[in-house]
Amino acid sequence: MASSTASISDPEAWKDLKGHVEDIKKTHLRDLMTDANRCQSMMMEFDGLLLDYSRQRATVETVDKLLNLAKAAQLTEKISRMFNGEHINSTENRSVLHVALRAPKDAVIKADGKNVVPEVWNVLDKIKEFSEKIRSGSWVGATGKPLKDVIAIGIGGSFLGPLFVHTALQTDPEALESAKGRQLRFLANIDPVDVARNINGLNPETTLVVVVSKTFTTAETMLNARTLREWITAALGASAVAKHMVAVSTNLALVEKFGIDPNNAFAFWDWVGGRYSVCSAVGVLPLSLQYGFSVVEKFLKGASSIDQHFQSTPIEKNIPVLLGLLSVWNVSFLGYPARAILPYSQALEKFAPHIQQVSMESNGKGVSIDGLPLPFETGEIDFGEPGTNGQHSFYQLIHQGRVIPCDFIGIVKSQQPVYLKGEVVSNHDELMSNFFAQPDALAYGKTPEQLQKENVSENLIPHKTFSGNRPSLSLLLLELTAYNVGQLLAIYEHRVAVQGFVWGINSFDQWGVELGKVLATHVRKQLHSSRTQGTTLEGFNYSTTTLLKRYLETSSEPQM
Ligand code: F6P
């Protein structure tokens, strides 16, 4: 195995980029944007998508240098190792093969020498059959009624991806039509308020609960699963669980122990990372129950199209590669610690929360894949809101405060067009006017001279000046069907992987989430013993002791 990139900041390519920052600091996007050849070279098209990264603080030379960095980091080799099923998630000794989840039936993708695509399709076929039974009403609940509502219980990767796709499809005409009369809800938080919200208005007789957990040990998910099992059995008796609860997991033994019939369990594999699992049964089952398998299959096909592009396109024309390199440029060289994800589409309102996990859980690391401290910071702070809502919220900071590279995502054809007679433009054109305007406002800004010409009073000129030179990129999709949603997902998944490959970290483990879970276990034990035996608080620092005391003395939680 080729040695990894623990010292990616050593090679010439890295140092070259470090030196190049000084050149870029002398440029302004206002000027860079006048060079049509440069702009043309920064447009990339693939399968209906158009990427325009001409508003990055980069020249043609910068891109060349980034491509050199990719070579120094052995990016192409690392991508191949991922597709070849090598154990690139070395700290968990696992392959990283979410691409196999959306591969065509005749593809061959091997993990540990075995083609996994037939297993993937066995589960997909099982989901297709099961979801058709539920949707057609041939599978009924304990009292003979069809199950028209689904609550999917899961958290993190077993929640955010499916929620993003569900939200994106809710208003797609085809998906909308096939979801008529059905509801899909997500129960993630252990806050009992989330349970109350989920079951509000639902009848256990007509509800199917899908417990989604890779490990089937996640505290929140298991307690929520027990809570909804109680909700079902209290209304319908213990035997109703067989008809009203199914599971998605890699741990089928624990599924059975929980009391769910293993025939009603949908498997996936340890080579699927939680945050990369939306194309497994984690997403495909709940989404197929809601929209039908044929719609979800289109989503898988869209993701697969990007997988093929990512695997086989030379790096200089490879969309996820270019996006990943530009993010490395922004974070590691220009020093911008955040990234705003700004879809001009309400249907994509849950995209940023999903990418937050994909990106920040993957690349928020402090050591190289070999365990050596990194001489630079990795990952970025991802956040976002759909436009135009974000414009009325945090864009002030983006325009005149901190510099935050922005991803603008636009859709050519609205899922739900509205044209009002007498209006200047359609509602979607109104939305898209903002999509086109904002990147230029960021790039060009407004100078004091321009303001003077507009007779703005002197005292207001500093307040109304926009420095400009704020980077963004624009991604334009033809429409937002299930297929396009799959494309968008895969682009971001691979972009995150590219960043991690270049930084030389393991983007596929998540040890950083463990410590808090362990400490919560201590607190849980203490709460139990204090409430049941009046045990005094022990082993906590002054601050936690004070807070816990106040909590125990003033709360009205029932004694267990
Ligand atoms: O928060 C940590 C994490 O392990 C995520 O990586 C994962 O997506 C989530 O918990 C849920 O895990 P599981 O699917 O095993 O319940």
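Computation of the quantities below employed the complete heavy-atom set of this structure, encompassing side-chain atoms and omitting hydrogens, waters and symmetry-equivalent molecules. Atoms within a ligand are numbered from 1 in the order they appear, just like the ligands themselves.
If you check the side chains of Q415 and Q170, you find no donor sitting under 3.5 Å from an acceptor.
Scanning for ring pair (Phe, Tyr, Trp, His ring centres under 6.0 Å) contacts around F394 gives F383, with sequence neighbours left out. Under the side-chain contact (heavy atoms from CB on, under 4.5 Å) criterion, S393 pairs with no residue at all, not counting sequence neighbours.
Ion pairing between K301 and D307 fails under the 4.0 Å rule for side-chain N and carboxylate O.
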Taking only distance into account, with no hydrogens and no angle test, what donor-acceptor pairs under 3.5 Å do side-chain atoms of residues 511-525 form with protein atoms, sequence neighbours excluded?
residue, atom, partner, partner atom, Å
W511, NE1, T91, OG1, 3.1
W511, NE1, D509, OD2, 3.2
T521, OG1, K517, O, 3.0

Mind listing the N or O contacts between ligand 1 and protein, cut-off under 3.5 Å?
residue, atom, partner, partner atom, Å
ligand 1, 6 (O), E361, OE1, 2.6
ligand 1, 8 (O), G157, N, 2.7
ligand 1, 8 (O), Q357, NE2, 3.3
ligand 1, 12 (O), T218, OG1, 3.4
ligand 1, 14 (O), S158, OG, 2.6
ligand 1, 14 (O), K214, N, 2.7
ligand 1, 15 (O), S213, OG, 3.4
ligand 1, 15 (O), K214, N, 3.3
ligand 1, 15 (O), T215, N, 2.9
ligand 1, 15 (O), T215, OG1, 2.6
ligand 1, 15 (O), T218, OG1, 3.4
ligand 1, 16 (O), S213, OG, 2.6
ligand 1, 16 (O), T218, OG1, 2.5

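A cation-pi geometry, defined here as NZ or CZ lying under 6.0 Å from the six-membered ring centre and within 45° of its normal, holds between R229 and F258.
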